[in-house]
Number of protein chains: 2
Amino acid sequence: METRTHAAYEIKLSDRRCPSRRALDLITDRWTPLVIFLLSDGPCRYTQLKRQIGGITQKMLTQTLRKLEDEGLATRTVYPTSPPSVEYALTPLGETLREPIQQLLHWSRSYGLQMRSTREVAKSDEERRKDPE
Amino acid sequence: METRTHAAYEIKLSDRRCPSRRALDLITDRWTPLVIFLLSDGPCRYTQLKRQIGGITQKMLTQTLRKLEDEGLATRTVYPTSPPSVEYALTPLGETLREPIQQLLHWSRSYGLQMRSTREVAKSDEERRKDPE
DNA sequence: CAGAATCCTACCTGATACTG
DNA sequence: CAGTATCAGGTAGGATTCTG
């Protein structure tokens, strides 16, 4: 009993190789939630995704999409038009992430501003703690 | 209209400096969701957290906790016992993250195994795509 | 358009030593 | 106990260039 077991979920957070832990690691990085959020709105093309996610590089976008594809969360469809277009979409499994991810985005929208103001308030405390010279 | 606006949430994902976007970035990294998840179960001490989150270094744990503190999501309370103990707890603002984070953990538990099996299935596809000599 | 390839840096890890 | 400090090494990620 080295790990606290939570009423509802029995995840061994203490073990990085635990499948649940690996699943969590997969969806908690800088770009994955954003990509999934956009895809949860419907299929989307590469350049569309890139334009809508500020700051992402094509390397990271490609890498993130490949990962989602490999894990069975998204599909990649190439339309042989000219110029070619590639469309990404969530799989049924990927769709199950819609709710959790949207909750996260919902929270971000609600508390983004509150957090900023809290920081301002906390600044004086910081100054006191740091005690620069 | 360069960014898709989503029915419920108006977040400019295309702008990294958007407060909502910054809030999201804050909670989507390797360690923050895990720390918040554990704290959402009640106040917890440093060593307890460290033991329960497999693979985290003391540097990253401290860094993550400081960030949560600075953003007003968690509190740090020092009990001047001997040896001293430090307890971390969510603030009311931090508590608002309970549901979203638990949803994420819930998903991880449910689909951790499914994803593995999907990967196995997808392997043959990968082989075909890579076409190694 | 949708990437692949390359280079390069910042951050993270891991180990260890030290402190109040 | 709850950190801080340091240093070696690896890897994730950014910037740039090129391509079918």
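Every value quoted in this text rests on a predicted model; they were computed, and no experiment measured them. So you know, we letter chains A, B, ... as the sequences are listed, proteins then strands, and number each from 1.
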Ignoring hydrogens and geometry, is there a side-chain-to-backbone donor-acceptor pair from B/Thr81 to B/Pro83 under 3.5 Å? yes
Taking the side chain of B/Val86 as its heavy atoms from C-beta onward, which of C/dA4, D/dG3, C/dT13 lies nearest to it? D/dG3
Tell me which one of B/Ile101, B/Leu68, B/Leu73, B/Leu90 satisfies side chain to side chain contact (heavy atoms under 4.5 Å, CB included) with B/Val35. B/Leu68
In whole Å, what is the span from the CD1 atom of A/Ile56 to the C1' atom of C/dA2? 14 Å
The side chain of A/Pro84 is closest to which nucleotide in this list: C/dT13, C/dT6, D/dG20? D/dG20
Residue pair A/Ser85/A/Arg16 against DNA chain C: nearer the 5' end by closest nucleotide is A/Ser85
Using a cut-off of 4.0 Å on non-hydrogen atoms, how would the nucleic acid contact of B/Arg45 be classed: base, sugar-phosphate, or nothing? sugar-phosphate
Between B/Trp31 and C/dT13, is there a contact of a side-chain N or O with OP1 or OP2 at under 4.0 Å? yes
Send over the distance from A/Asp25 CG to D/dA12 P, rounded to a whole Å. 12 Å
Nearest-neighbour nucleotide for the B/Gln58 side chain, C/dG3, C/dA15, C/dC1 considered: C/dA15
With respect to the phosphate group of C/dA4, does any side-chain polar atom (N or O) of A/Arg66 fall under 4.0 Å of OP1 or OP2? yes
When rounded to whole Å, the OH to P distance for the pair A/Tyr79 and C/dA2 reads 12 Å
Nearest whole angstrom, please: distance from the C1' of C/dC1 to the CD of A/Gln48. 12 Å
For the backbone of A/Met60 and the side chain of A/Arg30, can you confirm whether one donor and one acceptor N or O come within less than 3.5 Å of each other? no
I want to verify a distance call: between D/dG3, D/dC1, C/dA4, whose nearest atom is closest to the B/Pro83 side chain? D/dC1
Below 4.0 angstrom from OP1 or OP2 of C/dT13, is there any side-chain N or O of B/Thr57? yes
Side-chain N or O of A/Arg30 versus OP1/OP2 of D/dA12: is the shortest distance under 4.0 Å? no
Interatomic distance, B/Met60 CE vs D/dA12 P [rounded to whole Å]: 14 Å
Comparing A/Thr47 and B/Gly55 on DNA chain C - which has the more 5′ nearest nucleotide: A/Thr47
Would A/Val78 end up clustered with A/Tyr88 when hydrophobic side chains under 4.5 Å apart are linked, directly or stepwise? yes
So if I take the C1' atoms of five pairs at each end of the helix from C/dC1-D/dG20 to C/dG20-D/dC1 and get each local axis, what angle do the two axes make, rounded to 10 degrees? 50°
For A/Lys67, which residues count as a salt bridge (charged side-chain N to carboxylate O under 4.0 Å, His left out) partner, sequence neighbours excluded? A/Asp29
A/Asp29 CG - D/dT11 P separation (whole Å): 18 Å
Interatomic distance where NZ belongs to B/Lys59 and P belongs to D/dC7 [whole Å]: 13 Å
Short side-chain to backbone donor-acceptor contact, A/Tyr46 and A/Gln58, under 3.5 Å: yes
B/Gln63 near the nucleic acid: base, sugar-phosphate alone, or nothing, with a heavy-atom cut-off under 4.0 Å? sugar-phosphate
Can you tell me the distance, in whole Å, between the CG atom of B/Leu61 and the P atom of D/dG3? 8 Å
Can you find a side chain N or O atom of A/Tyr88 that sits less than 4.0 Å from OP1 or OP2 on C/dG3? yes
So A/Lys50, base contact, sugar-phosphate only, or nothing? Heavy-atom distance under 4.0 Å. nothing
Shortest non-hydrogen contact from B/Leu104 toward A/Pro100: CD1-CB, 3.8 Å
Test applied, side chain to side chain contact (heavy atoms under 4.5 Å, CB included); reference residue, B/Trp31; option that passes from B/Thr57, B/Ile36, B/Ile53: B/Ile53
